[in-house]
Amino acid sequence: DVPLVGTVYGTTKKVLSGFGSTQAENAFQSFVLAQLPGRTTPGFLMGTFELARRDGRVFRLCTVYVPTNHLYVGDVVVLPEDDVIQTDLTVEDGVSMILSAGASVPARIGER
């Protein structure tokens, strides 16, 4: 149990530092749950923007990075703001959760 935590923590630190530049460090704004069709998946909020349609309607959208097989490989999805659940987990906690294949998920995650 403890060796896994130490390994995940060390790997998390390496992954976060591997993103390198200040711009990359600020790229992940927060750890979120993205509600995709048929599933809810962990991801990282990259940013938000408004989409102004020709008919005058304006939609608030979020860009979310959803890791796939590895933290470095994933998809950027654009979702309505209402489909992105803000959590109280830090980005580092989210990275640990993903790298541990879900083994480090806390018993309770709060919505921010």
Side-chain angles (χ1 to χ4, degrees):
D1 182 44
V2 173
L4 175 65
V5 171
T7 301
V8 169
Y9 179 77
T11 304
T12 298
K13 283 294 198 189
K14 287 178 188 173
V15 167
L16 288 175
S17 66
F19 282 100
S21 70
T22 304
Q23 183 181 10
E25 289 173 16
N26 295 327
F28 290 169
Q29 294 179 7
S30 60
F31 180 75
V32 299
L33 298 174
Q35 297 180 97
L36 301 173
R39 67 187 176 127
T40 300
T41 188
F44 300 93
L45 179 68
M46 306 296 287
T48 58
F49 65 96
E50 289 184 347
L51 173 65
R53 303 294 305 256
R54 287 187 201 139
D55 63 7
R57 292 181 297 156
V58 177
F59 297 92
R60 188 123 179 101
L61 300 173
C62 297
T63 52
V64 177
Y65 176 73
V66 177
T68 52
N69 293 352
H70 305 89
L71 190 62
Y72 292 118
V73 179
D75 298 313
V76 175
V77 296
V78 178
L79 298 169
E81 192 172 48
D82 289 344
D83 289 343
V84 178
I85 302 169
Q86 294 281 347
T87 73
D88 61 357
L89 295 180
T90 65
V91 169
E92 189 171 285
D93 290 339
V95 170
S96 292
M97 188 176 99
I98 290 167
L99 292 178
S100 72
S104 69
V105 175
R108 183 182 179 115
I109 298 173
E111 186 173 2
R112 232 178 2 126

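This one's a predicted model, so the numbers in the text were calculated from it and none came from an experiment.
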Discussion item. Closer than 3.5 angstrom, by distance alone: can the side chain of Y65 be matched with the main-chain N or O of G74 as a donor-acceptor pair?
Written reply: yes

Worksheet item: Parallel, tilted or perpendicular: which fits the ring planes of F44 and F31, with parallel below 30° and perpendicular above 60°?
Response: perpendicular

Worksheet item: Remaining members of V64's ILVMFWY cluster at a side-chain heavy-atom cut-off under 4.5 Å?
Response: V32, L36, L45, V66, V77, L79, V84

Practice prompt. Supply the atom-to-atom distance L89 CG to I109 CD1, rounded to the nearest 0.5 angstrom.
Written response: 4.5 Å

Worksheet item: Is there a path from V76 to F59 through hydrophobic residues (I, L, V, M, F, W, Y) whose side chains come within less than 4.5 Å of each other?
Response: no

Worksheet entry | Distance, nearest 0.5 Å, that separates CG of L61 from CG of D82 | 10.5 Å

Worksheet item: Minimum heavy-atom separation for P67 to P42, with atom names?
Response: CD-O, 3.9 Å

Response to the item:
So salt bridge (Lys or Arg N to Asp or Glu O under 4.0 Å) across residues 103-112, not counting sequence neighbours, yields none

Practice prompt. Using the side-chain hydrogen bond (donor to acceptor under 3.5 Å, both in side chains) rule, collect all pairs that involve residues 40-56, keeping only residues at least two apart or in two chains.
Written response: T48-R60, D55-R57

